Amino acid sequence: MSGYSEQSPADPPAPPPTTRRRRGRPVRVVLGVLLLLLLAWAVAVAVAGVQAGRALQRVADAVPVLEQQVRDEDLAAAGTTADRVADDAAAADRATAQLPYRLAEHVPRVGDQLAAVRGGARAAALLTQPLPDALAVAEDVVGEGLVSADRTVDVAGLQRLTPIVTGYRERVAEARAALHAGEGPHVLDAISERLDPVTAQLDDLAGPLDTAAEVLPRLPALLGAEGARTYLVAFTNPAEIRPVQGIVGAYAYLSVEGGRISLTRTGTDNDLYDARADVAAAGAEFAALYGEDAAIVQNVTTGGSADEAGVLTSSLVADAGLPVPDVVVFVDPVGLGQLLGPDHAPLQLGPFGDVATADLARVLMYDAYVTYGADNDARKLFLAATSAAAFEAVLSDGLSTAALDGARTAVDSGHLAVWSARAEEQAALVSAGVAGVLGDPAQAGPVARIGLTNTEPSKLDFWLQPAVEVSAPCATTGTGRSSVQLTLTNTVPEDIPAYVANAMARTAAGERTAQDTVSLWVAPWVGLDRVTVGGEAVATAVDAEEGWRLVRLTVDVPPGAPVVVRWELSGAAEDLPRTVTGPTTAIAPAVTTGACAP
């Protein structure tokens with residue numbers, strides 16, 4: 001039949017063309033919508049990333065400006081900058097907190113970069129949000145110096161700072177967690193190089209911030225917020241050296257009430273010669289090490305820690321009929337000069353005229369002996385008046401940022417230390433690192449400490465020039481050897497006042513020869529192999545003090561002939577000393593690193 005074609009039953013009938021088109025259209029529509037959604041998602045992520053990047057760049061550009069404004073003590077300008085920084089950081093945080101951005105963090109490789117940026121934005125927001133309020137409070141508290149013109153500390157302002165600091169400690173912990181959460185093996189160098197230094201800085205900041213959060217709540221009570229507190233400032237003299245600075249030559253009493261500081265009394269060690277401290281109050285170990293010699297005014301600073309010196313000094317002045325102090329501050333002429341700073345105006349010191357702060361130590365520890373000669377009472381009255389005047393100059397400066405920097409230098413070099421009779425305050429002072437104590441050897445790390453004690457009466461230690469060389473083990477693990485070497489050079493001139501000379505000497509050369517006990521404190525798990533003086537092995541006294549191994553020997557230091565003391569040590573490589581602190585000589589010790597010990 002014409003037009004007829006035969007179709008196999010196995011072949012299904014073809015659908016009409018219109019039916020195929022109707023079924024394909026929904027698929028294309030769905031795919032189109034998905035593509036549009038993906039495009040919108042990508043655009044949203046890109047826009048968020050650009051917004052966050054630009055905001056974080058503005059933060060990065062502004063931070064150095066903010067830091068300089070704070071250093072310049074322009075807190076008003078710093079507050080304005082901090083407002084902008086906080087706004088930009090918050091904008092970056094909001095941009096990276098959007099849902100499309102957070103979902104994109106799960107995309108392989110790309111997500112690592114987004115997560116890192118997100119961590120940086122979150123950290124920036126956490127760290128900058130409290131800054132404007134903190135700077136506003138800081139401007140109220142220290143805008144004119146920590147101490148006002150009437151010598152009053154803004155105790156209420158410090159109390160307002162306390163929750164800010166303690167809260168910031170928590171923010172730093174959260175910021176560190178946010179940055180660490182964004183770390184990954186596939187983060188691009190361009191990103192990690194910007195974020196890794198911030199992470200390291202925050203890790204370094206965590207410890208000091210913990211300390212500040214512990215110390216700041218104690219400051220109001222220390223400043224008399226709960227009632228008047230009595231401070232005894234013990235002016236020490238390293239020309240007759242001790243492990244805690246030197247002998248106490250003069251003192252001043254301060255009354256601190258409601259933040260107001262008043263000088264109430266000054267005096268010299270003449271007032272304390274007949275008094276005796278209760279050595280047992282410093283503990284049985286101290287009494288066994290130093291005996292009743294530590295009971296007299298010349299030796300209250302003879303131990304390894306300023307807290308024992310504080311206990312003994314408090315006991316000594318009480319025995320002399322003077323007020324019992326709540327707080328004792330130990331400071332010497334070097335520390336006073338550091339507190340005032342090199343840029344401070346010269347002090348008018350009677351017969352010496354205008355004295356620059358850099359020359360303060362020389363005037364108090366040598367020139368005064370030359371000028372007053374045998375008139376010891378007149379010299380001590382001058383010392384008391386001058387020390388009080390220098391300390392008042394510190395207060396008159398308002399304890400500026402420069403003075404606080406100087407105080408840190410004085411503390412770190414051992415020329416300033418503070419002790420409180422209240423246990424909780426003393427613990428805070430120890431945490432702040434201003435207590436001048438040996439501390440726990442398990443927490444101190446690979447460090448040793450050197451101290452000197454004048455054992456024949458003289459003021460020759462003013463000319464001692466110490467040099468310390470530390471040779472650590474070459475290996476960082478396993479057992480090893482190391483050495484600590486102390487070179488003492490006596491630079492005393494030929495002509496010196498009789499009062500300065502060695503009072504026990506029998507010859508002219510001996511009058512210019514200092515005799516000192518050299519003390520080394522090391523961790524008890526560090527082995528002591530040998531001690532030499534001038535290359536020859538010598539015997540030493542080996543004891544324990546506050547958990548440390550204490551090694552002592554006595555040396556004569558004649559003029560112009562350096563004396564070399566060397567301690568050879570062994571033990572676990574990670575425990576052997578790599579740094580040394582002290583001694584607290586008038587001339588700062590030079591510390592160098594020698595060749596490593598194989």
Side-chain angles (χ1 to χ4, degrees), residues 234 236 240-248 272-320 324 328 330 414 417 419-421 423 426-427 429-430 435-444 447-457 484 486 515-531 538-555 565 567 569 571 577 581-584:
T236 58
E240 193 166 344
I241 198 168
R242 299 288 185 269
V244 181
Q245 301 170 15
I247 64 169
V248 176
L272 306 172
Y273 279 152
D274 295 331
R276 293 293 181 268
D278 179 8
V279 176
E285 180 184 73
F286 181 92
L289 281 173
Y290 301 105
E292 286 302 314
D293 284 346
I296 62 176
V297 63
Q298 294 94 330
N299 291 333
V300 291
T301 52
T302 200
S305 289
D307 56 351
E308 295 160 340
V311 170
L312 293 175
T313 302
S314 178
S315 174
L316 183 77
V317 297
D319 192 59
V324 177
V328 178
F330 295 97
W419 169 82
S420 173
Q426 177 65 11
L429 293 172
V430 171
V437 299
L438 288 169
D440 183 352
Q443 298 179 1
V447 63
R449 179 181 170 188
I450 295 175
L452 297 175
T453 303
N454 175 285
T455 50
E456 287 190 351
V484 175
L486 170 68
Q515 186 181 87
D516 291 275
T517 293
V518 182
S519 300
L520 177 77
W521 289 269
V522 293
W525 41 83
V526 170
L528 177 66
D529 294 341
R530 193 169 75 135
V531 181
V538 297
T540 61
V542 180
D543 297 289
E545 183 171 10
E546 298 186 30
W548 294 79
R549 186 192 307 278
L550 169 60
V551 184
R552 291 180 288 179
L553 68 153
T554 299
V555 296
V565 181
W567 297 268
L569 310 168
T581 62
T584 54

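Being a predicted model, the structure only gives us computed values, none of them experimental.
- A donor-acceptor contact shorter than 3.5 Å links the side chain of Thr301 to the backbone of Gly246.
- One distance of note links CG of Leu520 with CZ of Arg552; it measures 12.0 Å at 0.5 Å rounding.
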Trace of the side chain to side chain contact (heavy atoms under 4.5 Å, CB included) decision for Trp419 with Leu429: CA-CA 7 Å; Trp419 169 82; Leu429 293 172; 5.8 Å; no

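- A distance of 10.5 Å separates CG of Leu553 from CG of Asp516, quoted to the nearest 0.5 Å.
- Across all non-hydrogen atoms, the minimal contact from Gln426 to Ala435 is NE2-CB, 3.8 Å.
- Side chains of Thr236 and Val244 form no contact here, defined as non-hydrogen atoms less than 4.5 Å apart.
- Atoms CG and CH2, on Asp440 and Trp548 in that order, are 8.0 Å from each other to the nearest 0.5 Å.
- Partner of Arg242 under the side-chain hydrogen bond (donor to acceptor under 3.5 Å, both in side chains) criterion, chosen from Thr517, Thr453, Thr584, Asn299: Asn299.
- Note that CH2 of Trp521 and CD1 of Ile450 are 9.5 Å apart. Values are rounded to the nearest 0.5 Å.
- Counting heavy atoms from C-beta outward, Val518 and Leu452 have side chains that approach closer than 4.5 Å.
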Before you tell me yes or no, could you show the steps for Ile296 and Arg276 under side chain to side chain contact (heavy atoms under 4.5 Å, CB included), namely the whole-Å CA-CA distance, both residues' side-chain angles and the distance that decides it to 0.1 Å? CA-CA 5 Å; Ile296 62 176; Arg276 293 293 181 268; 3.5 Å; yes

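- Between Val555 and Val565, the shortest heavy-atom distance links the atoms CG1-CG2, 4.1 Å.
- Across every non-hydrogen atom of Val324 and Ser314, the tightest pair is CG1-OG, 3.6 Å.
- Judged as a side-chain hydrogen bond (donor to acceptor under 3.5 Å, both in side chains), and not counting sequence neighbours, Thr540 has no contacts.
- Thr455 contributes atom OG1, which lies 3.5 Å from atom CD of Gln515 (distance to the nearest 0.5 angstrom).
- Taking CD of Glu545 as the reference point, atom CG of Leu550 lies at 5.5 Å (rounded to 0.5 Å).
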Check the pair Leu528, Val522 against side chain to side chain contact (heavy atoms under 4.5 Å, CB included), reporting the backbone distance first and the verdict last. CA-CA 9 Å; Leu528 177 66; Val522 293; over 6 Å; no

Output a table of donor-acceptor pairs, distance under 3.5 Å, between side-chain atoms of residues 302-313 and any protein atom two or more places apart or on a different chain; print 'none' if there are none.
from, atom 1, to, atom 2, distance (Å)
Ser305, OG, Leu438, N, 2.9
Ser305, OG, Glu546, OE1, 3.2
Ser305, OG, Glu546, OE2, 3.1
Thr313, OG1, Ala309, O, 2.7

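- Within the 4.5 Å cutoff, the side chain of Trp525 has heavy atoms near those of the Pro441 side chain.
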